[in-house]
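Okay, so here's the structure we're looking at.
Hydrogens, waters and symmetry mates play no part in the numbers below; they use all other heavy atoms, side chains included. What you are looking at is a predicted structure, and each value in this text was computed from that prediction instead of being measured. Each ligand, and each atom within it, is numbered from 1 in the order the structure gives.
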Amino acid sequence: MFSLQHHFEQQLNRHSHGVKRWVIALSGGLDSVVLLDLAARIIPAKHLSVIHVNHQLQSQAGGWSSFCQQLADQYQIEFKSIRVTVDAGASVERAARNARYQAFEQYLQSGDCLLLAQHRNDQAETLLYRLLRGAGLKGLAAMPRTREIGMAFLQRPLLSVSRDQLQSWAEKAQLNWIEDPSNADLSYDRNYLRHQVMPLLRARWPGFEQRWSDTADYLRDADQLLTELAQIDLQTVADERNSLSCAGLNVLSIKRRDNLLRVWLAEQGLPAGAKVLMSIGQMIEAVDDSSPELKLSSVKLRRYRGRLYLTAEQNGIDWQGRLLPEEGLHLPQGSLLVVKKLNGLRSLAGVTLRNRCDGDRCTPVGRGGSTSLKKLFQENAVPPWQRKSWPVCILGDEIVAVPGICVCEGWQVEKDVAGFHLKWVPAALSVGSDSGTL
Ligand SMILES: Nc1ncnc2c1ncn2[C@@H]1O[C@H](COP(=O)(O)OP(=O)(O)OP(=O)(O)O)[C@@H](O)[C@H]1O
């Protein structure tokens with residue numbers, strides 16, 4: 001016979017490695033109240049914590065927060081309530097969800113596992129909802145059982161359990177919960193599906209939620225395999241500055257190329273619909289000396305010397321006087337990385353950074369004389385829009401190295417000794433996106 005508690009425990013055990021604290025996301029509704037009850041039965045209270053997000057959207061919101069606090073007190077579990085302001089624009093549902101996940105992310109620490117109470121019926125609703133909105137493979141994979149969130153990760157241990165099973169647990173255990181009146185409001189798409197559409201489907205095709213939940217799992221596996229294929233392909237076409245070779249992309253079939261581009265753009269928070277992929281395809285196939293550009297959200301995709309670059313408009317980084325630390329620097333505009341290996345700079349002591357200036361010259365090792373930075377950038381195929389913000393290493397008035405490009409005469413470490421290698425990686429663009437991640 002099915003035991004909810006046993007099933008729940010098994011699910012937790014599958015992803016318990018390294019978990020120091022289990023954080024229950026408690027809305028006060030039936031599902032998360034059952035989740036809390038189950039967790040409290042098998043995890044010692046000192047390893048548990050409850051988080052409630054107050055969206056401040058309804059007059060009763062403060063009361064729900066107090067209800068959750070009282071519940072946590074009953075179980076003697078640490079409680080945290082976070083108030084968020086929901087930017088109620090086109091979709092209140094989506095804005096509330098985004099604000100909630102942001103609050104979770106800020107609260108969670110490394111070693112935390114956030115537990116959410118979504119169940120099988122929620123999964124089926126999500127799949128149908130996404131299908132209605134014309135989602136791609138990733139969207140149709142619906143909610144993952146587990147994923148990273150900020151420094152921690154989240155789990156949905158009830159994803160294979162039905163709403164009825166949760167309800168009968170709640171009744172047997174005599175739990176109290178809140179009924180959110182907005183759950184009955186059919187003007188919300190999710191509620192319409194839940195109350196009007198799903199019951200019809202269930203009457204005609206009993207048990208369809210389980211099958212849809214399996215379908216979502218298959219789709220997630222397929223999506224993961226395609227992402228892995230894209231990662232393999234990226235290794236052959238991307239360089240260390242995360243630009244892509246058009247020649248390399250042209251060798252791939254169009255489907256495989258689109259798959260790679262989708263994953264590459266998604267890493268930067270950029271969606272890639274069919275139209276965008278077609279335009280990028282034209283850029284890739286353009287004649288080699290052309291430099292087409294494509295605007296994507298707030299960034300530009302540019303082609304330069306046969307490579308594709310994603311770029312934000314940069315105003316130049318004020319490096320002035322910045323000291324070069326051994327562990328490197330991570331800034332919104334990019335990362336300066338430092339590795340120790342043969343050759344390289346002999347010391348970082350006193351070395352500072354500044355922006356490159358017009359007329360800058362230096363004496364790269366092995367070149368036998370001085371050369372302009374302009375020429376060095378051209379020779380190294382540094383795209384023009386990156387040149388302004390490329391850092392230059394200075395000691396006194398002298399350029400001692402240009403990260404990723406050269407070390408200058410007199411500053412290189414002795415032969416066969418490890419020195420400091422500097423690499424400049426222009427920002428991997430991260431554009432705020434509302435991809436509806438669950
Ligand atoms: N305000 C909130 N504070 C903390 N966690 C929340 C909140 N709202 C939702 N959650 C978590 O996200 C899950 C899914 O949210 P969803 O909106 O589908 O659930 P709900 O119907 O509001 O509440 P429940 O699932 O508890 O019945 C919840 O089960 C709960 O774990």
Worksheet item: Considering only heavy atoms of Leu116, which atoms of ligand 1 have at least one such atom less than 4.0 Å away?
Response: 11 (C), 12 (O), 31 (O)
Worksheet item: Should one rank Asp31, Ile24, Leu154 by closest heavy-atom distance to atom 25 (O) of ligand 1, which comes out on top?
Response: Asp31
Worksheet item: Can you check side-chain contact (heavy atoms from CB on, under 4.5 Å) on Val33 and Trp169, steps first, answer last?
Response: CA-CA 10 Å; Val33 165; Trp169 178 278; over 6 Å; no
Worksheet entry | Exam field: side chain Ser347 to backbone Ala349, donor-acceptor pair closer than 3.5 Å | yes
Worksheet item: Nearest to atom 26 (O) of ligand 1, what protein heavy atom do you find, and at what distance?
Response: Ser32 OG, 2.5 Å
Fill in: Val86/Gln56 under side-chain contact (heavy atoms from CB on, under 4.5 Å): CA gap, chis, key distance, verdict
CA-CA 8 Å; Val86 176; Gln56 309 189 82; over 6 Å; no
Response to the item:
The answer for which part of Leu30 has a heavy atom under 4.0 Å from ligand 1 is backbone
Discussion item. One residue to check: Leu26. Relative to ligand 1, which of side chain, backbone, both or neither has a non-hydrogen atom less than 4.0 Å away?
Written reply: backbone
Worksheet item: Given Ser182, Ser65, Ser27, which has its nearest heavy atom closest to atom 22 (O) of ligand 1?
Response: Ser27
Item to complete: Test salt bridge (charged side-chain N to carboxylate O under 4.0 Å, His left out) on Glu9 and Arg14 and set out the steps.
Response: CA-CA 9 Å; Glu9 200 165 357; Arg14 286 173 66 182; over 6 Å; no
Practice prompt. Test the Lys340-Phe420 pair against the cation-pi criterion, namely NZ or CZ under 6.0 angstrom from the six-membered ring centroid and within 45° of the ring axis.
Written response: yes
Worksheet item: Which ligand 1 atoms does Ile51 reach within 4.0 Å, using its non-hydrogen atoms?
Response: 4 (C)
Worksheet item: Where's the contact between Phe104 and ligand 1, heavy-atom distance under 4.0 Å: side chain, backbone, both or neither?
Response: side chain
Discussion item. Show, in sequence, the C-alpha distance, side-chain angles and deciding distance for Gln70 and Gln74, and conclude whether the side-chain hydrogen bond (donor to acceptor under 3.5 Å, both in side chains) test is met.
Written reply: CA-CA 6 Å; Gln70 281 164 18; Gln74 272 172 30; 5.9 Å; no
Discussion item. Considering non-hydrogen atoms of the protein only, which is the closest contact for atom 3 (N) of ligand 1, and what is the distance?
Written reply: Val53 N, 2.9 Å
Worksheet item: When you look at Trp177 and Phe67, which way does the ring-ring contact (aromatic ring centres under 6.0 Å, His included) test go after all the steps?
Response: CA-CA 9 Å; Trp177 64 89; Phe67 172 83; 9.5 Å; no
Worksheet item: Do the charged groups of Arg163 and Asp31 touch, with an N to O distance under 4.0 Å?
Response: no
Item to complete: Mind running ring-ring contact (aromatic ring centres under 6.0 Å, His included) on Phe104 and Tyr101 for me, showing each step along the way?
Response: CA-CA 5 Å; Phe104 289 153; Tyr101 279 85; 5.7 Å; yes
Worksheet entry | Protein contact for atom 5 (N) of ligand 1 (heavy atom, distance under 4.0 Å) | yes
Worksheet item: Checking side-chain hydrogen bond (donor to acceptor under 3.5 Å, both in side chains) for the pair Arg145/Ser160: CA distance, chi angles, key distance, verdict?
Response: CA-CA 9 Å; Arg145 278 170 209 280; Ser160 306; 3.1 Å; yes
Fill in: Residue and atom name of the nearest protein heavy atom (relative to atom 30 (C) of ligand 1), distance in Å to one decimal
Ala25 O, 3.3 Å
Worksheet item: Given the protein's heavy atoms, is any one of them under 4.0 Å from atom 19 (O) of ligand 1?
Response: no
Practice prompt. From atom 17 (O) of ligand 1, work out which of Gln118, Arg97, Glu125, Arg100 has a heavy atom at the shortest distance.
Written response: Arg100
Response to the item:
heavy-atom search around atom 21 (O) of ligand 1 in the protein gives Asn183 ND2, 4.1 Å
Worksheet, complete the sentence: Any heavy atom of Asn54 under 4.0 Å from ligand 1? The part involved is neither
Worksheet item: What are the two closest non-hydrogen atoms of Asn121 and Met198, and how far apart are they?
Response: O-CE, 4.5 Å
Practice prompt. Would you mind telling me if ligand 1 is within reach of the side chain of His55, the backbone, both or neither, using heavy atoms under 4.0 Å?
Written response: side chain
Worksheet, complete the sentence: Atoms of ligand 1 under 4.0 Å from any heavy atom of Ala117, numbered from 1 in the order shown, are 29 (O), 31 (O)
